[in-house]
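A short worksheet on the structure shown next.
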Amino acid sequence: MTDRIVIEFDKALRTLFVRAPTTRKIPGCEQAEAILSEKERAHAEALMRINHVGEVCAQALYQGQALSCSDPGVRQALQQAAYEETEHLAWTERRLAELGGRTSLLNPLWYLGALSIGFGAGKLGDTWSLGFLAETERQVEAHLDHHLSDLPWQDLKSRAIVEQMRLDEISHAATAVRLGARELPAAARLAMQLVSRTMTRTAYYV
């Protein structure tokens with residue numbers, strides 16, 4: 001357990017303070033930069049900051065769940081999903097820079113909160129932890145659907161990144177269900193939506 005904590009602490013530092021790596025081709029990299037008004041650019045930048053915060057939280061959630069997971073097979077699946085989410089972190093970070101934006105100033109706070117939630121979910125048991133993961137990915141999918149309709153239509157670079165992220169989240173949710181995810185109670189799903197809404201509204205500006 002001590003070794004795992006040290007490893008996860010190192011992952012936390014890398015998530016928050018080191019530029020994330022990617023081995024996959026960045027979606028939309030072949031597209032020309034769109035001509036955006038200042039208002040459109042600011043809006044696209046804010047939406048991509050929200051997406052970057054979501055990926056910071058995803059790293060923390062997966063890490064917290066992996067720490068408290070009892071099944072090695074489930075833990076490996078969580079770690080693999082976290083690795084794939086690292087690429088989303090890299091894509092959104094790069095796109096933010098291209099738009100002239102910045103990451104959220106509250107990223108350490110978001111990370112700690114998500115890590116605690118993930119660890120707590122893992123302590124409830126692997127099937128509940130997987131259920132939490134599946135519901136998280138479903139809500140992220142809905143959130144990305146909204147962004148696809150809200151991003152400036154000509155910002156093909158941002159739209160390509162969001163679309164690929166959406167497809168990956170669908171895959172992660174399907175993996176959780178395949179591994180035995182339990183359906184969360186309606187009250188838990190509502191609470192997750194309220195927390196997510198608070199985070200997105202704050203991250204749009206800060």
Side-chain angles (χ1 to χ4, degrees), residues 10-63 66 76-108 110-111 114 133 136-176 196 199-200 203-206:
D10 178 70
K11 288 180 181 178
L13 293 178
R14 291 177 183 275
T15 297
L16 293 171
F17 302 114
V18 179
R19 186 170 181 174
T22 179
T23 57
R24 294 162 68 184
K25 181 180 178 182
I26 299 176
C29 63
E30 72 284 354
Q31 299 287 349
E33 190 63 63
I35 298 175
L36 302 171
S37 68
E38 283 303 311
K39 182 178 180 179
E40 289 172 330
R41 182 174 295 277
H43 185 54
E45 177 248 315
L47 293 180
M48 294 309 289
R49 179 165 52 251
I50 290 172
N51 291 328
H52 183 268
V53 166
E55 297 308 322
V56 168
C57 290
Q59 289 295 309
L61 284 169
Y62 282 126
Q63 289 166 14
Q76 184 177 10
L78 290 168
Q79 291 170 340
Q80 178 60 33
Y83 174 77
E84 293 172 2
E85 297 282 1
T86 301
E87 298 189 315
H88 297 176
L89 197 65
W91 300 347
T92 53
E93 185 176 357
R94 173 166 173 168
R95 187 61 190 144
L96 267 172
E98 291 173 346
L99 290 166
R102 55 163 177 78
T103 59
S104 173
L105 300 176
L106 300 178
N107 273 344
W110 303 132
Y111 186 93
L133 169 59
T136 297
E137 299 293 16
R138 293 188 192 108
Q139 293 191 16
V140 170
E141 178 193 350
H143 153 85
L144 293 175
D145 277 337
H146 173 71
H147 278 200
L148 283 171
S149 65
D150 208 25
L151 278 165
W153 65 268
Q154 69 272 41
D155 186 3
L156 300 181
K157 282 181 172 288
S158 297
R159 298 179 70 85
I161 289 172
V162 171
E163 177 58 33
Q164 186 57 56
M165 288 168 57
R166 176 182 172 276
L167 294 175
D168 290 346
E169 308 303 357
I170 292 173
S171 175
H172 295 163
T175 297
S196 175
M199 182 272 288
T200 55
Y204 187 93
Y205 299 102
V206 185

Partners passing side chain to side chain donor-acceptor pair (under 3.5 Å) against T86 (at least two apart in sequence or in another chain): Q59

One should read off an interatomic distance between Q164 CD and E169 CD, to the nearest 0.5 angstrom, of 10.0 Å

Kindly write out the residues that satisfy ring-ring contact (aromatic ring centres under 6.0 Å, His included) with H88, not counting sequence neighbours, or none if the list is empty. W91

Side chain to side chain donor-acceptor pair (under 3.5 Å) partners for S104, two or more places apart: W110

Quick one: NZ on K25 to CD on E30, what's the gap to the nearest 0.5 Å? 5.0 Å

Quick one: list whatever passes side chain to side chain donor-acceptor pair (under 3.5 Å) with H143, sequence neighbours left out. N51

Atom pair CD/CD1 of E45 and I50 - distance to nearest 0.5 Å: 10.0 Å

Salt bridge present between R166 and E163 (N-O < 4.0 angstrom): yes

Kindly compute the distance separating NE2 (H146) from OG1 (T200), expressed to the nearest 0.5 Å. 8.5 Å

Quick one: list whatever passes salt bridge (charged side-chain N to carboxylate O under 4.0 Å, His left out) with E87, sequence neighbours left out. R24

For R95, all residues meeting salt bridge (charged side-chain N to carboxylate O under 4.0 Å, His left out), sequence neighbours excluded: E33, E98, D155

The side-chain contact (heavy atoms from CB on, under 4.5 Å) partners of A160 (sequence neighbours excluded) come to P27

Identify, with sequence neighbours excluded, every residue that meets side chain to side chain donor-acceptor pair (under 3.5 Å) alongside E141. none

Between A44 and P152 the two heavy atoms that sit nearest each other are CB-CD, 4.1 Å

Residues that R159 engages under salt bridge (charged side-chain N to carboxylate O under 4.0 Å, His left out), provided they are two or more places apart: none

Side-chain heavy-atom pair E85, M165 within 4.5 angstrom cut-off: no

Sequence neighbours excluded, which residues qualify as side-chain contact (heavy atoms from CB on, under 4.5 Å) partners of A176? L130, L133, A134, A181

Quick one: are E137 and T175 in side-chain contact, heavy atoms under 4.5 Å? no

Return yes if some donor-acceptor pair links the side-chain N/O of E40 with the main-chain N/O of S37 below 3.5 Å, else return no. yes

Filter on ring pair (Phe, Tyr, Trp, His ring centres under 6.0 Å), then keep only pairs touching residues 30-58, sequence neighbours left out; what's left? H43-Y204

Of all heavy-atom pairs linking T22 and I26, the shortest is CG2-CG1, 4.4 Å

Verify side chain to side chain contact (heavy atoms under 4.5 Å, CB included) between I35 and Q154, making sure each step is shown before the conclusion. CA-CA 8 Å; I35 298 175; Q154 69 272 41; over 6 Å; no

Before giving the answer on side chain to side chain contact (heavy atoms under 4.5 Å, CB included), spell out for V140 and H172 the whole-Å C-alpha distance, their side-chain angles and the decisive distance to 0.1 Å. CA-CA 11 Å; V140 170; H172 295 163; over 6 Å; no

With a 4.5 Å heavy-atom cut-off, do L96 and R102 have their side chains touching? no

Side chain to side chain contact (heavy atoms under 4.5 Å, CB included) test vs S158 passes for just one of L47, L99, L148, namely L99

Suppose we screen for salt bridge (charged side-chain N to carboxylate O under 4.0 Å, His left out). Which residues come up paired with D150, at least two apart in sequence or across chains? none

